[in-house]
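Here the structure is laid out as structure tokens; the discussion comes afterwards.
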Amino acid sequence: MHSLVDSEFLSQLNEQQREAVLATEGPLLILAGAGSGKTRVIAHRIAYLIAEKNIPSWNILAVTFTNKAADEMRQRVQRLLRTQERSSLPLVSTFHSLCVRILRQDLEKLNDKYTRRFTIYDQDDSIRLIKQCIRELGYEEKYLGPRATQSAISSAKNRGEDPTAFAAHAEYVDERRAAMGAVYKMYEDRLHANNALDFDDLLIKTVRLLRDVPEVREKYNNKFRYILVDEYQDTNSLQFELIRLITEKSKNICVVGDEDQSIYKWRGADISNILNFEKHFSNTKTIRLEQNYRSTQTILDVAGAVVKNNLERKGKTLWTSNPRGGRVGYYQAFDAEAEARWVASKIVEHRRDEFDIRAAVLYRTNSQSRVFEEAMRRAGLQYNIIGGFSFYERMEVRDIIAYLKLALNPNDSIALQRVINSPPRGIGKQTIDEIERRARDYELSLWETISVVIDQPENLGSRAISALKSFRRIINHLTSLAESESENQSTSPVSDVVRAAIIETGYENALRSERTDEAEGRLENLQELVNAAVDYDEQGIEGLREFIDHSALVSDQDDYKRDAPVTLMTAHSAKGLEFPLVFIVGLEDGLFPHSRSATDRAELEEERRLAYVAMTRAERYLYVTHAMKRRVYGEELASEPSPFLNEMPIDLLEDLSLGKSWLSFARGSSDIDYEQGEYKKERKKYAGKTYDSADSIAEFFKQRNRQMGQTAGSLPNISNKHSQPTSSSATSDIKPGSYVKHSKYGRGLVLRREGAGESAKLTVSFPGYGQKKLVEKYAGLEKA
DNA sequence: TAAAGAAAGTTTTTT
DNA sequence: ACTTTCTTTA
């Protein structure tokens with residue numbers, strides 16, 4: 001297996017890249033410009049360590065920020081090593097899942113009453129809990145917004161401030177902050193009572209564990225002897241601390257980053273981590289990767305011209321030997337709908353020339369995605385959408401996950417409140433209020449209180465009591481199911497419990513009786529959930545736990561189909577990806593850059609870096625667009641071109657707009673040497689005039705759209721007609737070697753069939769999606 | 001208690 | 001526009 005390194009291996013790399021691969025020992029800082037091949041370097045480095053240096057794969061750890069990046073990395077390494085064996089691959093993990101892994105093993109060594117069976121609260125759970133705390137403490141939600149409070153608490157936690165320290169800052173100065181402090185305190189207590197950790201806690205507890213328990217630090221220092229960190233410019237102080245502690249012994253820490261691509265300052269990322277890396281780790285070797293292999297010269301020039309306007313920047317020279325390429329396309333649309341339509345038609349045009357070219361549409365905010373979905377669907381283009389509402393964020397999926405959480409930990413009050421009356425089972429507000437009140441009195445969890453209330457109903461009627469009894473029976477049943485499955489190692493513990501959580505809670509029946517298309521879609525999602533659970537079946541009760549953890553930590557990677565014709569996503573989620581054809585849309589003042597960052601120079605610079613990241617995703621074709629007006633909160637607002645458009649060299653742009661655009665005006669006057677401020681004023685004047693005419697034209701379009709009409713359902717992948725689960729006679733027809741059709745994945749080849757009857761598991765290979773394990777009964781497969 | 005209707009707040013980016 | 005929360009009614 002060590003013959004991996006064909007002679008090509010190192011010759012695929014340039015001199016700096018090779019140096020970065022070979023410098024395996026000691027701290028290494030790789031400053032890698034956009035498109036300079038950093039993923040390739042990391043992958044080669046890992047392969048080199050394993051195949052040439054004979055480092056066991058389990059001694060290697062690669063950390064990324066997103067699951068998408070982790071998947072990508074894993075695949076690259078796998079390809080290089082030419083291995084199918086999962087066990088011979090190193091651990092490639094996000095910060096958060098690494099922490100979960102460590103905490104599930106060693107959290108109890110911290111002796112702070114948390115157990116290793118903790119529940120993870122994602123941001124939504126956190127906000128729910130905080131909202132409750134706000135109410136219980138008697139504050140108005142208008143006074144303390146739950147969202148704002150959550151983010152204030154989160155950043156306090158990341159700074160290492162406990163509730164006392166947080167409130168101490170301002171107790172007599174800022175009343176509101178003091179109130180937040182009280183909420184923070186209560187929130188922490190509640191988390192503890194529920195044995196729950198939020199996203200921040202995952203990092204905090206891990207750092208504390210590594211710092212305070214020498215035995216644990218020793219263990220992981222010995223385990224992970226070679227550590228790589230991707231996107232190092234985005235690490236925050238906790239993540240830095242984690243890295244420092246875990247590499248204390250080996251000092252084999254390799255980080256890759258690019259200050260120009262730092263776009264997560266708002267989430268606590270500390271750019272000084274990368275700027276001061278050499279100070280933090282002595283004897284650091286620094287390597288710069290400045291040759292870009294991705295983009296055309298023109299694209300780099302335009303991107304460079306924009307980011308050049310940042311003051312806080314060391315500055316570096318990115319060069320390429322790629323061809324110059326065509327100019328960057330520019331289009332001014334009447335409104336958001338017209339913008340989307342134009343982008344779709346442009347993609348169609350490109351695909352006529354090059355049938356399999358992949359396109360990305362990048363926008364600033366998720367809310368912009370809707371019109372593009374619509375436009376892609378009308379143009380008959382298949383698309384991926386990343387972020388926004390992910391599978392695991394759908395209401396019905398979260399409900400079932402809440403039942404599963406309760407099966408493992410009935411004291412999880414957030415989960416309990418979520419599902420105690422969904423589907424409706426006669427436990428109304430009155431009853432819940434009463435339980436909550438008494439739980440507070442007795443200092444018991446809601447779950448424990450339910451049993452007390454059943455024995456001593458006091459002011460609750462018999463209807464409520466019997467409803468509570470049936471709820472208790474359901475949860476107890478799920479719990480015993482989860483536990484017994486783990487003991488007798490039956491064939492499909494995890495999917496069994498998931499199925500029970502869907503059926504025996506009455507959830508399925510409730511949806512079925514709704515008889516609407518929407519409910520039908522929800523049922524399909526739940527079937528998908530069962531299918532997802534199958535992958536965890538081999539691991540018993542720990543599998544169930546992992547399945548639940550996964551649902552909390554994997555928010556966006558839905559089904560990212562790598563070679564879908566079109567991918568829609570925010571500029572943020574595009575980081576690390578590349579596409580031959582890229583559209584950056586909604587380049588309007590107040591949208592991109594976002595208005596929230598208008599007041600602060602540093603924040604504006606972050607927006608500019610974001611624009612830079614977006615532009616440098618493009619390999620060959622880049623288009624930038626903006627609309628003259630768009631709806632914000634349902635109100636039509638006029639919008640001006642983004643200042644970033646102004647920063648792009650005019651002669652590198654090609655105006656594709658119909659009629660006279662903002663750019664044609666700018667170009668017409670470009671030979672006059674306007675001073676920046678003057679220039680802006682002129683542009684505004686022009687834009688002001690246009691709105692009037694645009695309004696009338698848009699009205700025309702609206703009328704026309706109304707006639708064209710027809711809004712399809714909002715879910716891309718749900719088939720219009722739900723296929724019935726295959727009848728038993730058809731069932732036997734589906735065997736290895738035959739083809740099936742799936743509503744979401746399309747046509748696929750059946751590879752394997754396990755188990756008997758309707759609940760047989762099928763392994764099916766879907767082109768473009770890979771292998772999926774499906775439960776026959778739930779997958780809604782048809783013979784194809 | 002549950003369903004239907006009215007009012008109000010919401011959107012920056014993500015693990 | 002869209003979703004969540006409050007209010008009314010059966």
Side-chain angles (χ1 to χ4, degrees), chain A residues 63-70 93-100 120-124 126-128 131 135 141-142 145-148 151 154 158 197-203 231 234-236 238-239 262-269 336-337 362-371 374 386-390 392-393 395 421-432 460-461 463-464 467 510 514 549-557 569-575 586 590-598 603 606-607 609-611 613-614 630-637 711 714:
Chain A
V63 191
T64 63
F65 275 82
T66 65
N67 298 292
K68 213 167 352 114
S93 159
T94 64
F95 272 103
H96 292 267
S97 29
L98 172 68
C99 290
V100 171
I120 301 170
Y121 278 6
D122 64 16
Q123 197 180 345
D124 185 72
S126 271
I127 290 174
R128 275 164 188 270
K131 198 184 281 179
R135 279 190 198 151
E141 264 175 56
K142 279 174 197 155
R147 270 190 110 78
S151 92
S154 169
N158 276 297
L197 298 177
D198 65 18
F199 280 165
D200 302 314
D201 289 329
L202 295 177
L203 283 159
E231 309 284 9
D234 290 333
T235 49
N236 66 23
L238 282 167
Q239 288 156 338
S262 153
I263 53 175
Y264 285 104
K265 215 158 137 209
W266 54 274
R267 216 170 84 189
E337 285 74 23
L362 309 182
Y363 35 78
R364 178 64 241 268
T365 66
N366 277 307
S367 58
Q368 288 165 260
S369 66
R370 263 209 154 72
V371 279
E374 187 64 32
I386 301 203
F389 49 96
S390 93
Y392 289 106
E393 282 167 82
M395 195 234 299
N421 199 35
S422 48
R425 52 170 72 88
I427 304 178
K429 194 173 182 309
Q430 303 264 310
T431 316
I432 294 172
L460 285 177
R463 281 246 298 280
E514 271 187 49
D549 286 353
H550 178 82
S551 78
L553 295 172
V554 178
S555 57
D556 68 341
Q557 69 157 30
M569 65 188 142
T570 63
H572 279 90
S573 15
K575 193 166 66 157
L591 183 59
F592 198 172
H594 199 271
S595 53
R596 297 285 259 256
S597 58
E603 283 184 46
E606 179 146 313
E607 294 285 311
R609 286 193 295 273
L610 183 60
V613 168
R630 79 173 58 234
R631 267 191 299 281
V632 185
Y633 301 150
E635 258 197 307
E636 298 248 291
L637 290 180
T711 315
S714 62

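Basis for what follows: all heavy atoms, side chains included, without hydrogens, waters or symmetry-related copies. Below, chain A is the first sequence line, B the second, and so on; all start at residue 1. This one's a predicted model, so the numbers in the text were calculated from it and none came from an experiment.
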Can you sort out the partners of F95(A) under ring-ring contact (aromatic ring centres under 6.0 Å, His included), two or more places apart, ordered by chain and number?
->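 Here the qualifying residues are F65(A).
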Partners passing ring-ring contact (aromatic ring centres under 6.0 Å, His included) against F199(A) (at least two apart in sequence or in another chain) =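 Partners of F199(A) by the ring-ring contact (aromatic ring centres under 6.0 Å, His included) criterion, ordered by chain and then number, come out as H96(A).
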So [X], base contact, sugar-phosphate only, or nothing? Heavy-atom distance under 4.0 Å.
X: S597(A); value: nothing
X: Q123(A); value: base
X: Y264(A); value: sugar-phosphate

Counting side-chain heavy atoms from CB outward, which of [options] is closest to [X]?
X: R147(A); options: dT3(C), dT11(B), dT13(B); value: dT11(B)
X: T365(A); options: dT15(B), dT10(B), dT13(B); value: dT13(B)
X: R370(A); options: dT1(B), dT3(C), dT15(B); value: dT3(C)
X: W266(A); options: dT14(B), dT11(B), dC2(C); value: dT14(B)

Please report the distance, rounded to the nearest Å, between [atom1] in [X] and [atom2] in [N].
X: E393(A); N: dT3(C); atom1: CD; atom2: P; answer: 14 Å
X: E231(A); N: dT15(B); atom1: CD; atom2: P; answer: 12 Å
X: F65(A); N: dT14(B); atom1: CZ; atom2: C1'; answer: 11 Å
X: Y633(A); N: dT3(C); atom1: OH; atom2: C1'; answer: 13 Å
X: L637(A); N: dA1(C); atom1: CG; atom2: P; answer: 13 Å
X: K575(A); N: dT15(B); atom1: NZ; atom2: P; answer: 11 Å
X: H572(A); N: dT13(B); atom1: NE2; atom2: P; answer: 9 Å
X: L362(A); N: dT13(B); atom1: CG; atom2: P; answer: 14 Å

Which residues pass the side chain to side chain contact (heavy atoms under 4.5 Å, CB included) test with [X], not counting sequence neighbours?
X: A467(A); answer: I427(A)
X: A69(A); answer: T64(A), T66(A)
X: R135(A); answer: K131(A), E141(A)

Taking the side chain as every heavy atom from C-beta outward, state whether Q239(A) and V63(A) have any atom pair closer than 4.5 Å.
->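 A side-chain contact under 4.5 Å is absent here.
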Between D122(A) and A552(A), which heavy-atom pair has the shortest distance, and what is it?
->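 Nearest heavy atoms, D122(A) then A552(A): CB-O, 4.4 Å.
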All N/O pairs under 3.5 Å across the protein-nucleotides 2-7 of chain B interface:
{"from": "dA2(B)", "atom 1": "OP1", "to": "G426(A)", "atom 2": "N", "distance (Å)": "3.0"}
{"from": "dA2(B)", "atom 1": "OP2", "to": "N421(A)", "atom 2": "ND2", "distance (Å)": "3.2"}

When you check the gap from the basic side-chain N to the acidic O, do E337(A) and R631(A) get nearer than 4.0 Å?
->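 Salt bridge between E337(A) and R631(A), a charged N being under 4.0 Å from a carboxylate O: yes.
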Taking 4.0 Å as the cut-off, does a side-chain nitrogen or oxygen of [X] come that near to OP1 or OP2 on [N]?
X: N366(A); N: dT13(B); result: yes
X: S367(A); N: dC2(C); result: no
X: S573(A); N: dT13(B); result: no

Just the table, please: protein N/O against nucleotides 4-6 of chain C N/O, every pair under 3.5 Å.
{"from": "dT5(C)", "atom 1": "OP1", "to": "K131(A)", "atom 2": "NZ", "distance (Å)": "2.6"}

Between dC6(C) and dT11(B) - C1' atom distance, rounded Å |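 Those two atoms are separated by 22 Å.
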Map E606(A) and K429(A) onto DNA chain B by nearest heavy atom, then report which one ends up closer to the 5' terminus.
->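 Checking each residue's closest nucleotide, the 5'-ward one belongs to K429(A).
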Where each residue is assigned the nucleotide of DNA chain B containing its nearest heavy atom, which of K142(A) and A464(A) is assigned the position nearer the 5′ end?
->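 Nearest nucleotide further toward 5': that of A464(A).
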Applying side-chain hydrogen bond (donor to acceptor under 3.5 Å, both in side chains), name anything that partners Y121(A), two or more places apart in sequence or on another chain.
->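 Result, side-chain hydrogen bond (donor to acceptor under 3.5 Å, both in side chains) vs Y121(A): N194(A), D412(A).
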Could I get the full list of side-chain hydrogen bond (donor to acceptor under 3.5 Å, both in side chains) partners for S597(A), not counting sequence neighbours?
->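 Partners of S597(A) by the side-chain hydrogen bond (donor to acceptor under 3.5 Å, both in side chains) criterion come out as none, since no residue qualifies.
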Using distance alone, with no hydrogens and no angle criterion, decide if T365(A) and Q368(A) have a side-chain donor and acceptor under 3.5 Å apart.
->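 Judged by distance alone, the side chains do pair up.
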